[in-house]
Amino acid sequence: MNKDAQMRAVINQKLIETGERERLKEVLRAKLIECGWRDQLKAHCKDVISEKGLEHVTVDDLVAEITPKGRALVPDSVKKELLQRIRAFLAQHASL
């Protein structure tokens, strides 16, 4: 495992241990709902299913189809806020 991967693992473990990871997930979930991201993705899923037909779409197909669009639709403001919260967490736990 390279140094970056090790550091990510340590940070992720600390986020889990402190409960911060769950708090960040809740903030992200709320922000995505608030900005309409969830509704946009739901509409895209419905479009994909209606185009291909319900019988011809698997969950894996749907995930593969919507993941790139889902990532692209996350507003920059949401990404920045999450990044700021992670940086603040890391500053508080500088001993990592």
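Two residues are said to be in side-chain contact when any heavy atoms from C-beta on lie closer than 4.5 Å; V10 and K14 fail this criterion. Counting heavy atoms from C-beta on, the side chains of E65 and K52 come closer than 4.5 Å. Side chains of L32 and R38 form no contact here, defined as non-hydrogen atoms less than 4.5 Å apart.
Look at E26 and R23 and you find no salt bridge, because none of the NZ, NE, NH1 or NH2 atoms lies under 4.0 Å from a carboxylate O.
The environment of K79 atom NZ is dense: over 12 non-hydrogen atoms of other residues, nucleotides or ligands sit within 6.0 angstrom.
Under the 4.5 Å side-chain heavy-atom criterion for ILVMFWY residues, a single connected hydrophobic cluster contains both V57 and L54.
Note that CG of L41 is 8.5 Å distant from NZ of K69, once rounded to the nearest 0.5 Å. Note that the CG atom of L28 and the CD1 atom of I33 stand 9.5 Å from one another [nearest 0.5 Å]. Taking CG of D47 as the start and NE2 of H44 as the end, the distance is 7.5 Å to the nearest 0.5 Å.
Nearest heavy-atom pair across C45 and I66 is SG-CD1, 3.5 Å. T67 and V63 make their closest contact through OG1-O, 2.6 Å (heavy atoms, listed as atom of the first residue, atom of the second, distance).
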Sequence neighbours left out, cut at 3.5 Å: what donor-acceptor pairs do the side chains of residues 80-90 make with other protein atoms?
unit_1: E81; atom_1: OE1; unit_2: K31; atom_2: NZ; d: 3.4
unit_1: E81; atom_1: OE2; unit_2: R85; atom_2: NE; d: 3.3
unit_1: E81; atom_1: OE2; unit_2: R85; atom_2: NH2; d: 3.2

